[in-house]
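Working notes, beginning with the structure itself.
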There are 2 protein chains.
Amino acid sequence: MTQRQNRVPYYLQVKHSIIENIKSQSWKPGEKIPSENQLMQQHQVSRSTIRQAISQLAQEGILETKRGKSTTVKKKPTDHVKNPGVIQREKGSEFSVHLIRTVHGKKMDYAKKMLGLTEEQSVYMYERLRLADGIPIAFQQLFVPEHIVDTLTDEDLLVFDFHSHLEEIGVIASYSKDYVSASLANTYEADFLGIVTGDPLVDLTRITLGIDQSPLEYCRTKYLPSYFDFTVETRG
Amino acid sequence: MTQRQNRVPYYLQVKHSIIENIKSQSWKPGEKIPSENQLMQQHQVSRSTIRQAISQLAQEGILETKRGKSTTVKKKPTDHVKNPGVIQREKGSEFSVHLIRTVHGKKMDYAKKMLGLTEEQSVYMYERLRLADGIPIAFQQLFVPEHIVDTLTDEDLLVFDFHSHLEEIGVIASYSKDYVSASLANTYEADFLGIVTGDPLVDLTRITLGIDQSPLEYCRTKYLPSYFDFTVETRG
DNA sequence: ATGCATTTGTTCGTATGTATT
DNA sequence: CAATACATACGAACAAATGCA
């Protein structure tokens, strides 16, 4: 397995071997990996070398070590986001979406402006309710240009994460921008969310562009503050 | 320096000692630190122990090592590199700060919890108003542990950006986290901000840690939504 | 409850490799 | 070329936490 002529340091070879085992699902998240002694014998290197590989993987958040217990493959570290340090999370365990209504037309000037559409082009607006464990946590208005709608099925409109769903059906997003603000619930929104008119909401606006810079979606979501986390970490 | 009866591992004692030297500016960013051999003799421990301390600090981004060259204190990348795509902006042209009041004590349990302080430690709270062009745009409560306050002058409390001001006076932050939410103005806040009780506010909470993970500040700022921008761009 | 085997954590010492000055 | 600096690697010993018979 490990070989000298490579001149790749042994500890890196061990590290890659461990990563391969995890990627191939031989060692699954939450499960034990072989002990340091076993790895020593498998790779025919010293314990220090094994430890160097493991400690690096631990610091990278891939393995989890604890004295006295076996080293395990760390379970999915919560969020795998494109923008390191930015975490958007809805709180709950079971999520679903309820479609309130669909509007199709050439009005909705503000949305059309945000999507960069011309006068003649038309827009679909989907008003949706986002639910966590059956409780409404957000009121959402999703604006999509007609030419994108043509590629969607009815079920596509009920997926919880429309944004990442776009990718799955082959529509590639190259750029998206989120604006965060606060607003207060109007009577219409409050009714759906089971709150009182005037309660505060986290107001999230997202614009997504395709690889050719053409607009894919303009989405405005108003969350109950306690069901939504938006955090930004800065290191260095 | 290093002593056995502590039962704090030697490598952690060395690590701490290095951090102290950096915090006290004895070893400045970009400059060399003593070689592993010198540190061995200073601390009277083996080279492996020194290396364990240094390699961890290197992985934490505090030191920079390179074969053949001296280990240096890593220079902090300038602000804009920190988190590409995340923009926080207050709107206006002329900014200032008004100090409403100062509270000092051992109550304020929530703030102490966020700062990771013990029962006996005390906290200073500064209630400030952030103004843009003379108009109040945010109500801010800034909690600082006593040992940080000791290093501050009265003028330090009136600077507009306390966060980046910390760096200027030599207190080095390694990590900060911002939470964004929404809340509604209570009567007290509304009064200062010139709005009506119940108006929505963007609720920004920031926690800043030093390089030794000790808490530097816990800050809660409530902005008038129209005077604050928080945007996140994602590419790829 | 006790004790023993297992597992990771800390520390030492030594030797050799490789890049920089 | 030599001296210095960090990097890799081995082996050994003991400590501390855990789990099991």
Side-chain angles (χ1 to χ4, degrees), chain A residues 1-19 21-22 27-75, chain B residues 1-19 21-22 27-75:
Chain A
M1 183 78 75
T2 47
Q3 39 193 357
R4 183 139 219 134
Q5 60 267 36
N6 266 7
R7 232 27 343 245
V8 174
Y10 288 164
Y11 79 93
L12 284 182
Q13 295 183 39
V14 173
K15 212 174 144 178
H16 285 132
S17 155
I18 293 174
I19 289 174
N21 275 298
I22 295 173
W27 302 344
K28 298 188 182 58
E31 290 180 7
K32 298 179 190 176
I33 74 168
S35 74
E36 293 175 359
N37 267 317
Q38 290 172 312
L39 290 171
M40 275 172 72
Q41 284 162 29
Q42 285 172 26
H43 292 90
Q44 288 296 303
V45 295
S46 74
R47 181 162 171 236
S48 336
T49 303
I50 299 291
R51 278 187 68 73
Q52 190 170 0
I54 288 178
S55 73
Q56 286 198 8
L57 288 168
Q59 256 168 314
E60 290 166 23
I62 294 170
L63 296 180
E64 204 157 24
T65 68
K66 191 171 164 57
R67 189 201 300 249
K69 303 188 71 168
S70 294
T71 297
T72 58
V73 179
K74 192 159 182 180
K75 275 188 279 196
Chain B
M1 183 75 79
T2 46
Q3 39 193 359
R4 181 139 221 136
Q5 58 268 40
N6 265 8
R7 237 23 347 240
V8 174
Y10 288 163
Y11 80 93
L12 284 181
Q13 294 183 40
V14 172
K15 208 175 148 181
H16 190 251
S17 154
I18 293 174
I19 288 174
N21 275 297
I22 296 174
W27 301 343
K28 299 188 181 61
E31 291 180 5
K32 297 179 192 175
I33 73 168
S35 75
E36 295 176 358
N37 268 316
Q38 289 172 310
L39 289 171
M40 275 173 73
Q41 284 164 29
Q42 284 172 28
H43 292 90
Q44 288 295 303
V45 296
S46 74
R47 178 147 178 252
S48 338
T49 303
I50 299 291
R51 278 188 67 72
Q52 191 169 359
I54 289 179
S55 72
Q56 286 196 10
L57 288 168
Q59 255 167 315
E60 289 167 23
I62 293 167
L63 295 179
E64 203 158 23
T65 67
K66 192 169 164 58
R67 185 195 301 244
K69 303 188 73 166
S70 294
T71 298
T72 58
V73 179
K74 192 161 182 179
K75 275 187 279 196

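Predicted model only: the values in this text are computed from it and were never measured. What's counted below: heavy atoms across the whole structure, side chains too, no hydrogens, waters or symmetry copies. The chains referred to below are lettered A, B, ... by the order of the sequence lines, with proteins before strands, and numbering in each begins at 1.
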Across all chains, not counting sequence neighbours, the side chain to side chain donor-acceptor pair (under 3.5 Å) partners of A/S46 are A/T49
Sequence neighbours excluded, the answer for side-chain contact (heavy atoms from CB on, under 4.5 Å) partners of A/T71 is A/I33, A/I54, A/L63, A/T65
Contacts satisfying salt bridge (charged side-chain N to carboxylate O under 4.0 Å, His left out) that involve residues 53-65 of chain B (not counting sequence neighbours) are B/K15-B/E60
In whole angstroms, the gap separating P of D/dT4 from CG of B/L39 amounts to 16 Å
Here the residues of residues 49-57 of chain B within 4.0 Å heavy-atom distance, strictly under, of DNA chain D are B/R51
Sequence neighbours excluded, the answer for side-chain contact (heavy atoms from CB on, under 4.5 Å) partners of A/Q59 is B/Q56, B/Q59
In B/S/- notation (B base, S sugar-phosphate only, - none; protein heavy atoms under 4.0 Å), nucleotides 11-21 of chain D written 5' to 3' is B-B-BBBSS--
Sequence neighbours excluded, the answer for side-chain contact (heavy atoms from CB on, under 4.5 Å) partners of B/P9 is B/Y11, B/L12
Between C/dT8 and A/T71, is there an OP1 or OP2 to side-chain N/O distance shorter than 4.0 Å? yes
A/K28 meets the side-chain contact (heavy atoms from CB on, under 4.5 Å) criterion, sequence neighbours left out, with A/Q25, A/E31
Contacts of A/R47 meeting salt bridge (Lys or Arg N to Asp or Glu O under 4.0 Å) (sequence neighbours excluded), chain-then-number -> A/E36
Within the pair B/Y11 and C/dT10, is there a side-chain N or O less than 4.0 Å away from OP1 or OP2? yes
